[in-house]
Amino acid sequence: LRELGIAQCALFGHSVGGSMALLAAAVPGNRCRAVITEAAQAFVEDLTIGGIEAARENFRNPEQFDRLKKWHGEKARWVLDAWTNSWLSPEFAAWTLEPDLPRVKCPVLALHGDQDEYGSVRFPEFICRHVSGPAEMHILSGCGHVPHRERPNEVAEIAARFIQTHFD
């Protein structure tokens, strides 16, 4: 951000990207003025493990794997293996954002679908409870893991309202 001359920013991250946005906002001296997470994981829960196991099985189907290639090209196999092997490893079972969240002092909006196959509404509740700055949670009913695709207008409206409220 410094190299690009960006004095301040708002971060928007989906899934693991939402967790990464929170971690970036926890770094001392960051230029982050707000964070929006969408379907962000905050710890490992059984629903997450079950969803990842189902996805791993689903991507054994060549047609489904081709969908992954659309987004990740020739690195699709590496991306899938890195994702599934990390989350399903016993060493990762104790991972949590808990020690980092108190250092997030900027406003946080945690969006989450109530039918997210990779994590329950416990994730946004946990995020909002542990950050130090103001936090707002919005649960989208009847929505799964990718709200920006499933409900793009609603997500855009909620995010715009949040940014207008918290970002000068």
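Residues: numbered from 1 along the sequence shown.
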Check: What do you reckon, is CG of Asn61 surrounded by more than 12 foreign heavy atoms closer than 6.0 Å?
Finding: yes

Item checked: Inter- and intrachain pairs under salt bridge (Lys or Arg N to Asp or Glu O under 4.0 Å), touching residues 148-157, at least two apart -> Arg151-Glu154

Note to self: Under a 3.5 Å cutoff, is there a donor and acceptor pairing between the side chains of Ser120 and Glu45?
What the structure shows: yes

Next item on the list: Could you tell me which non-hydrogen atom of Ala42 sits nearest to which non-hydrogen atom of Trp95, and how far apart they are?
Entry: C-CZ3, 3.6 Å

Notebook entry, point to check: Considering all heavy atoms of both residues, which atom of His112 and which atom of Gly119 are nearest to each other, and what is their separation?
Noted result: NE2-O, 2.9 Å

Item checked: Nearest heavy atoms of Leu1 and Cys9, plus distance in Å -> CD1-SG, 3.8 Å

Check: What pairs with Val27 under side chain to side chain contact (heavy atoms under 4.5 Å, CB included), at least two apart in sequence or on another chain?
Finding: none

Next item on the list: Apply the test side chain to side chain contact (heavy atoms under 4.5 Å, CB included) to residues Asp116 and Phe123: give CA-CA distance (whole Å), side-chain angles for both, the deciding distance (0.1 Å), then the verdict.
Entry: CA-CA 11 Å; Asp116 187 328; Phe123 287 161; over 6 Å; no

Item checked: Where Ile36 and Ala159 come nearest, the two heavy atoms and their spacing -> CD1-CB, 3.7 Å

Notebook entry, point to check: For the hydrophobic clusters of this structure (ILVMFWY residues joined by side-chain heavy atoms under 4.5 Å, transitively), does one cluster hold both Leu97 and Phe92?
Noted result: yes

Notebook entry, point to check: Just how far is it from atom CG of Leu22 to atom SG of Cys106, taken to the nearest 0.5 Å?
Noted result: 8.0 Å

Notebook entry, point to check: Should Val35 and Phe43 be regarded as members of a common hydrophobic cluster, given that ILVMFWY residues are connected when their side-chain heavy atoms come within less than 4.5 Å of each other, either directly or indirectly?
Noted result: yes

Check: Given the rule that I, L, V, M, F, W and Y join up when any side-chain heavy atoms are under 4.5 Å apart, are Val155 and Leu109 in one cluster?
Finding: yes

Checklist line | Nearest atoms (heavy-atom pairs only) where Glu53 meets Leu88 | finding: CG-CD2, 3.8 Å

Item checked: Rounded distance (nearest 0.5 Å) linking atom OG1 of Thr84 with atom CD1 of Ile49 -> 10.5 Å

Notebook entry, point to check: Going by distance alone, is a donor N or O of one side chain under 3.5 Å from an acceptor N or O of the other, for Gln64 and Arg67?
Noted result: yes

Note to self: Whether the side chain of Thr48 engages the backbone of Val44 through a donor-acceptor N/O pair (distance < 3.5 Å, no angle test) should be reported.
What the structure shows: no

Pair up each side-chain donor or acceptor in residues 126-142 with any protein partner under 3.5 Å, not counting sequence neighbours, and list the distances.
{"from": "His130", "atom 1": "ND1", "to": "Phe126", "atom 2": "O", "distance (Å)": "2.9"}
{"from": "Ser132", "atom 1": "OG", "to": "Pro102", "atom 2": "O", "distance (Å)": "2.3"}

Check: Can you name the nearest heavy-atom pair linking Thr96 to Pro99, along with the distance?
Finding: O-CD, 3.7 Å

Next item on the list: Please list all pairs passing the salt bridge (Lys or Arg N to Asp or Glu O under 4.0 Å) test where one or both residues lie in residues 68-77, with sequence neighbours left out.
Entry: Arg77-Asp81

Check: Atom CD1 of Ile52 and atom CG of Leu47: how far apart are they, to the nearest 0.5 Å?
Finding: 9.5 Å

Note to self: Is there a path of hydrophobic side-chain contacts, each under 4.5 Å between heavy atoms, that joins Val146 and Leu11?
What the structure shows: no

Checklist line | Residue pairs passing the side-chain hydrogen bond (donor to acceptor under 3.5 Å, both in side chains) test where at least one lies in residues 99-109, sequence neighbours excluded | finding: Asp100-Arg103

Checklist line | Partners meeting side chain to side chain contact (heavy atoms under 4.5 Å, CB included) with Ala55 (sequence neighbours left out) | finding: Phe59, Trp83, Tyr118

Margin query: Return the CD to NE2 distance between Glu38 and His14, rounded to the nearest 0.5 Å.
Written below: 5.0 Å

Check: Please walk me through it: do Arg60 and Glu57 pass salt bridge (Lys or Arg N to Asp or Glu O under 4.0 Å)?
Finding: CA-CA 5 Å; Arg60 289 177 201 244; Glu57 190 61 35; 3.2 Å; yes

Check: How far apart are the C-alpha atoms of Val79 and Trp71, what are their side-chain angles, what is the distance that settles it, and do they pass the side chain to side chain contact (heavy atoms under 4.5 Å, CB included) test?
Finding: CA-CA 10 Å; Val79 169; Trp71 301 105; over 6 Å; no

Next item on the list: Give the cluster check for Val121 versus Val16: same hydrophobic cluster or not, with ILVMFWY residues linked at side-chain heavy-atom distances below 4.5 Å.
Entry: no

